[in-house]
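All remarks here apply to the structure that follows.
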There are 2 protein chains.
Amino acid sequence: MEQRQALETIRNGILSKNLLTIFGDCAVEYVGRATSILPSGKRLIIIKGDNSISIHQNRLVKPTNYMVKSRFSVQEKGNQFILTAKKDKPIETLTITFDSVDDINSYDLELTDDLRLAGSERDLNDLLMQDLSMIEPGLKPLNQQQEFGKGIADIVAEDKNGNPVVIELKRREADYACVSQLQRYMRQIAKLKGKNPRGILLAPSIRPKAREMLEELNLEFAVLDFVLKPSSVEKACITGLQKKQTTITEHWHKK
Amino acid sequence: MEQRQALETIRNGILSKNLLTIFGDCAVEYVGRATSILPSGKRLIIIKGDNSISIHQNRLVKPTNYMVKSRFSVQEKGNQFILTAKKDKPIETLTITFDSVDDINSYDLELTDDLRLAGSERDLNDLLMQDLSMIEPGLKPLNQQQEFGKGIADIVAEDKNGNPVVIELKRREADYACVSQLQRYMRQIAKLKGKNPRGILLAPSIRPKAREMLEELNLEFAVLDFVLKPSSVEKACITGLQKKQTTITEHWHKK
DNA sequence: GCTGGGAGAGGCTTA
DNA sequence: TAAGCCTTTCCCAGC
């Protein structure tokens with residue numbers, strides 16, 4: 001492909017906020033949060049209307065290199081031409097040096113985001129707030145996303161005995177990090193209120209060792225059982241949310 | 001673009017492990033770890049030789065929908081044709097229904113990964129192990145990536161007084177999660193050894209409230225100052241790693 | 001295969 | 001803008 005024309009197509013594509021794909025032989029250098037070099041080779045470059053750029057090899061969903069909200073510049077340099085993407089905060093530079101370009105496509109596309117997704121943690125949270133008794137009889141919601149000075153608790157509730165309960169909700173298997181998160185909220189509340197509330201980690205499952213940690217910290221785990229029902233016509237929705245089991249580490253309370 | 005030909009190109013592209021780009025009008029439905037619907041519209045689909053697929057709109061580096069290690073199937077359905085990607089564990093289905101295809105490109109590409117990146121945490125870790133005195137005079141390395149039954153500590157060392165020191169290294173600004181991680185290692189070691197070692201969080205910076213938490217937990221913070229030097233010819237490297245400051249919360253020790 | 005953890009994480013929401 | 005946190009996180013290394 002003729003270089004002059006390639007440059008022109010790229011410049012116009014960027015200006016018109018088209019989705020640009022460039023396939024060609026190029027080397028890539030990145031300097032910013034880290035440093036990387038990609039030796040010369042055939043790659044697919046995608047430039048989008050929101051000034052994001054990504055460089056793809058023929059494997060992995062994730063691009064080899066990328067940058068969001070970049071400022072682009074294109075310049076010739078002998079038989080090569082150089083596409084540069086820059087960004088501040090932090091300072092980042094992505095330099096793509098093309099030896100040759102095989103193919104450029106410029107697609108006129110809206111910058112919309114039409115995806116409708118269901119089953120995110122926020123969806124489950126909203127569902128739960130309608131009926132916490134699924135977790136435990138008599139459990140009443142007090143607040144959602146409550147700020148505690150050291151983070152934000154998903155759900156704050158009150159059990160049938162009037163004890164405050166902090167609930168951390170996860171849509172997937174809980175790990176150490178989830179337990180730590182709950183632990184952090186608990187610590188902070190204890191510090192502020194001078195009293196230890198109950199803490200419940202609510203997730204589809206929990207890794208065994210994370211559960212050990214949870215129990216050592218005198219926290220509770222409850223199984224979150226939900227079903228995602230795809231509706232091909234209207235929208236995706238959640239059909240069920242059912243508590244299967246609550247593990248209250250009674251031996252700890254007794255200790 | 002003629003449908004029959006489109007199908008053939010796609011089938012061949014997948015079989016030959018080419019990098020395929022398909023631009024066309026399509027609707028997408030995903031059912032798996034979550035559920036999502038993307039109404040009909042122009043999109044760019046990328047299929048790679050490692051059987052990963054991603055669907056891109058004209059914004060964001062991240063694809064709208066994606067799947068790794070998928071099994072593909074293509075079939076006609078009247079004036080439409082349907083590209084399906086499936087996966088087990090967990091069961092996931094991605095269904096792309098094309099109303100029309102404007103453009104298909106099939107690029108013959110190796111499945112290699114040529115990126116050379118420097119400045120990752122592992123790089124810094126290796127550098128640090130050579131000389132921990134940058135953090136504190138007399139600090140001697142004992143182990144790297146040591147398993148403790150509740151996770152893996154980055155560096156275990158011994159200070160000039162013979163006290164064990166656990167060091168958690170982060171290449172970027174430390175947050176709550178980093179502090180929690182160190183806290184977890186400390187807890188476990190205290191439980192196993194019956195003695196409290198020192199814990200040092202080593203990072204370029206730390207968020208103010210994370211630092212509060214750190215100090216409340218009687219942990220220490222040290223600034224990790226490193227420079228990434230891009231070498232345009234050979235490889236990227238790190239030129240410096242210098243301790244600027246160690247903040248030991250003396251008032252806590254005295255308390 | 002499971003576990004643990006990093007990532008140039010990206011991206012979103014709210015204060 | 002920064003803080004906080006979720007993500008169909010993705011991806012890799014170790015066992």
Side-chain angles (χ1 to χ4, degrees), chain A residues 28 30-36 50 52 54-55 59-69 87 89-94 113 115 117-125 145 147-154 168-173 175-178 181 184-185 207-210 228 236, chain B residues 28 30-36 50 52 54-55 59-69 85 87 89-94 113 115 117-125 145 147-154 168-173 175-178 181 184-185 207-210 228 230 236:
Chain A
V28 183
Y30 166 76
V31 179
R33 284 174 289 184
T35 288
S36 77
D50 65 346
S52 61
S54 49
I55 295 152
R59 59 188 293 268
L60 303 187
V61 166
K62 285 206 155 187
T64 313
N65 288 101
Y66 53 87
M67 191 176 292
V68 298
K69 298 176 199 164
K87 191 182 186 300
K89 283 178 293 182
I91 295 174
E92 292 178 288
T93 308
L94 188 64
D113 178 17
L115 189 76
L117 186 135
S120 65
E121 189 190 292
R122 186 51 193 261
D123 290 336
L124 299 179
N125 202 319
Q145 308 298 323
E147 161 73 43
F148 273 115
K150 284 280 189 304
I152 301 158
D154 281 336
E168 178 59 31
L169 172 64
K170 292 295 166 189
R171 68 179 308 286
R172 52 182 185 138
E173 184 168 58
D175 55 16
Y176 290 137
C178 304
Q181 207 178 332
R184 167 157 50 94
Y185 303 149
R207 294 201 185 190
K209 292 211 278 186
L228 298 173
Chain B
V28 183
Y30 166 75
V31 180
R33 285 173 290 181
T35 287
S36 77
D50 65 346
S52 61
S54 48
I55 295 152
R59 60 188 291 270
L60 305 186
V61 165
K62 289 202 161 188
T64 311
N65 289 99
Y66 53 86
M67 190 177 292
V68 298
K69 297 175 199 165
K87 190 182 186 299
K89 283 174 288 184
I91 295 175
E92 293 178 289
T93 308
L94 188 63
D113 179 17
L115 189 75
L117 187 135
S120 65
E121 190 188 294
R122 187 52 195 258
D123 290 336
L124 299 179
N125 203 321
Q145 307 298 324
E147 161 72 44
F148 273 115
K150 285 281 187 307
I152 300 158
D154 280 337
E168 178 59 30
L169 172 64
K170 293 294 168 188
R171 65 180 310 286
R172 52 183 183 137
E173 186 170 55
D175 55 18
Y176 288 137
C178 304
Q181 205 179 335
R184 167 159 48 95
Y185 303 149
R207 292 199 190 193
K209 291 213 277 189
L228 297 172

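All values derive from a computational prediction rather than experimental measurement.
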**OP:** Please state the P separation for the pair D:dC11 and C:dG11 - nearest whole angstrom.
**Re:** 14 Å
**OP:** Heavy atoms only: give me the nearest B:K209-A:G149 pair and the separation to one decimal.
**Re:** NZ-O, 3.1 Å
Subject >> Residues which pass salt bridge (Lys or Arg N to Asp or Glu O under 4.0 Å) with A:R172, listed by chain and number, not counting sequence neighbours >> reply: none
**OP:** Give the first and the last nucleotide of DNA chain D, reading 5' to 3', that has any atom under 4.0 Å from a heavy atom of chain B.
**Re:** D:dA3 to D:dC11
**OP:** Using the test side chain to side chain contact (heavy atoms under 4.5 Å, CB included), find all partners of B:L60 that sit at least two apart in sequence or belong to another chain.
**Re:** A:D50
Original post:
Once each nucleotide of nucleotides 5-15 of chain C is scored for protein heavy atoms under 4.0 Å, what B/S/- sequence comes out, 5' to 3'?
Top reply: SSSBBSSS---
**OP:** Can you sort out the partners of A:E173 under side chain to side chain donor-acceptor pair (under 3.5 Å), two or more places apart, ordered by chain and number?
**Re:** A:S205
Original post:
Base, sugar-phosphate, or nothing: which does B:K89 touch, judged by heavy atoms less than 4.0 Å apart?
Top reply: sugar-phosphate
**OP:** Only counting residues at least two apart or in another chain, list the ones meeting side chain to side chain contact (heavy atoms under 4.5 Å, CB included) with B:P208.
**Re:** none
**OP:** Compare every heavy atom of A:K150 with every heavy atom of B:Y176, then report the nearest pair and how far apart it is.
**Re:** OH-CA, 3.3 Å
Original post:
If the C1' atom of C:dA7 is compared with that of D:dC6, how far apart are they to the nearest Å?
Top reply: 15 Å
Subject >> Minimum-distance pair of heavy atoms, taken over all atoms of A:K87 and A:K69 >> reply: CG-O, 4.0 Å
Original post:
For B:T35, which of A:D123, A:L117, A:L228 qualifies under side chain to side chain contact (heavy atoms under 4.5 Å, CB included)?
Top reply: A:L228
